[in-house]
Amino acid sequence: MTNTNDTLTLEQRKTIYRARRGLKELDFYFSPYVKHAYLAADAAEQALFGELIAQEDPDLLDWFLYDAAPPNAEWAALIAKIKRVAASADNHG
């Protein structure tokens, strides 16, 4: 992560907290993204991630696990990136 806890904005802290779903299927994807990519992302991607994780768990599960199409292309691109980050983190321990 590029920022330390002391330099996180309130919105970043809220987003990181909301990313902890308590569903291992979603945490498998969100945890590595938050750890390795979220704080390095630009403000637009951080905002998009905030929008994405505000969605209902059943929808997120459909998009991440069952390859259902999310309602917009930006979310689809971010989901693909999150999946790549999670796969990379899983392969590297």
Side-chain angles (χ1 to χ4, degrees):
M1 287 191 228
T2 57
N3 289 356
T4 64
N5 261 356
D6 295 337
T7 61
L8 295 176
T9 66
L10 180 59
E11 191 58 37
Q12 288 171 326
R13 288 175 190 267
K14 286 180 181 179
T15 299
I16 290 168
Y17 180 79
R18 286 192 311 259
R20 296 183 194 132
R21 305 305 275 217
L23 287 171
K24 68 179 181 177
E25 297 87 352
L26 292 176
D27 289 341
F28 173 83
Y29 293 106
F30 292 163
S31 293
Y33 176 77
V34 167
K35 184 176 181 182
H36 299 290
Y38 173 71
L39 292 177
D42 62 27
E45 184 175 312
Q46 288 184 7
L48 192 62
F49 182 66
E51 291 174 20
L52 182 66
I53 64 170
Q55 304 310 301
E56 298 292 328
D57 287 346
D59 292 331
L60 291 167
L61 288 167
D62 284 346
W63 302 332
F64 278 88
L65 300 179
Y66 304 112
D67 294 322
N72 67 56
E74 290 94 4
W75 285 356
L78 182 56
I79 288 168
K81 179 178 181 174
I82 292 169
K83 286 180 173 183
R84 286 191 306 273
V85 171
S88 177
D90 191 44
N91 288 333
H92 294 103

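No experiment lies behind these values; they were computed from the predicted model shown.
- Between W63 and P71, the closest heavy-atom pair is CZ2-CD, 3.4 Å.
- Linking ILVMFWY side-chain heavy atoms closer than 4.5 Å, directly or via other members, places I82 and Y66 in a single hydrophobic cluster.
- The two residues Y33 and A41 make their nearest non-hydrogen contact at OH-CB, 4.1 Å.
- The minimum heavy-atom distance between P32 and A89, with the atom names listed, is CB-CB, 3.7 Å.
- At a threshold of 4.5 Å between non-hydrogen side-chain atoms, the residues E45 and K81 count as touching.
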Quick one: do I53 and R21 satisfy side-chain contact (heavy atoms from CB on, under 4.5 Å)? Show the steps, please.
CA-CA 9 Å; I53 64 170; R21 305 305 275 217; 3.7 Å; yes
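- Within the 3.5 Å criterion, the main-chain N or O of Y38 finds a donor-acceptor partner in the side chain of Q46.
- Contact annotation: the side chain of L60 never approaches that of E25 to less than 4.5 Å [non-hydrogen atoms, C-beta and beyond].
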What's the verdict on side-chain contact (heavy atoms from CB on, under 4.5 Å) for L39 and L8, showing C-alpha distance, side-chain angles and the deciding distance?
CA-CA 9 Å; L39 292 177; L8 295 176; 3.4 Å; yes
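- The side-chain heavy atoms of Y29 and L65, taken from C-beta on, include a pair separated by under 4.5 Å.
- What you find for V85 and A37 is that their closest heavy atoms are CG2-CB, 4.2 Å.
- Rounding to the nearest 0.5 angstrom, the gap separating the CG atom in L78 from the CG atom in L52 is 5.5 Å.
- A distance of 11.0 Å separates CD1 in I16 from OG in S31, rounded to the nearest 0.5 Å.
- The CG atom of D59 lies 8.5 Å from the CH2 atom of W75; values are rounded to the nearest 0.5 Å.
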Test log, rule ring-ring contact (aromatic ring centres under 6.0 Å, His included), inputs F49 and F30:
CA-CA 10 Å; F49 182 66; F30 292 163; 5.7 Å; yes
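- Here I79 contributes atom CD1 and K83 contributes atom NZ; the two are 7.0 Å apart, rounded to the nearest 0.5 Å.
- Checking side-chain atoms of S88 against main-chain N and O of R84 turns up no donor-acceptor pair under 3.5 Å.
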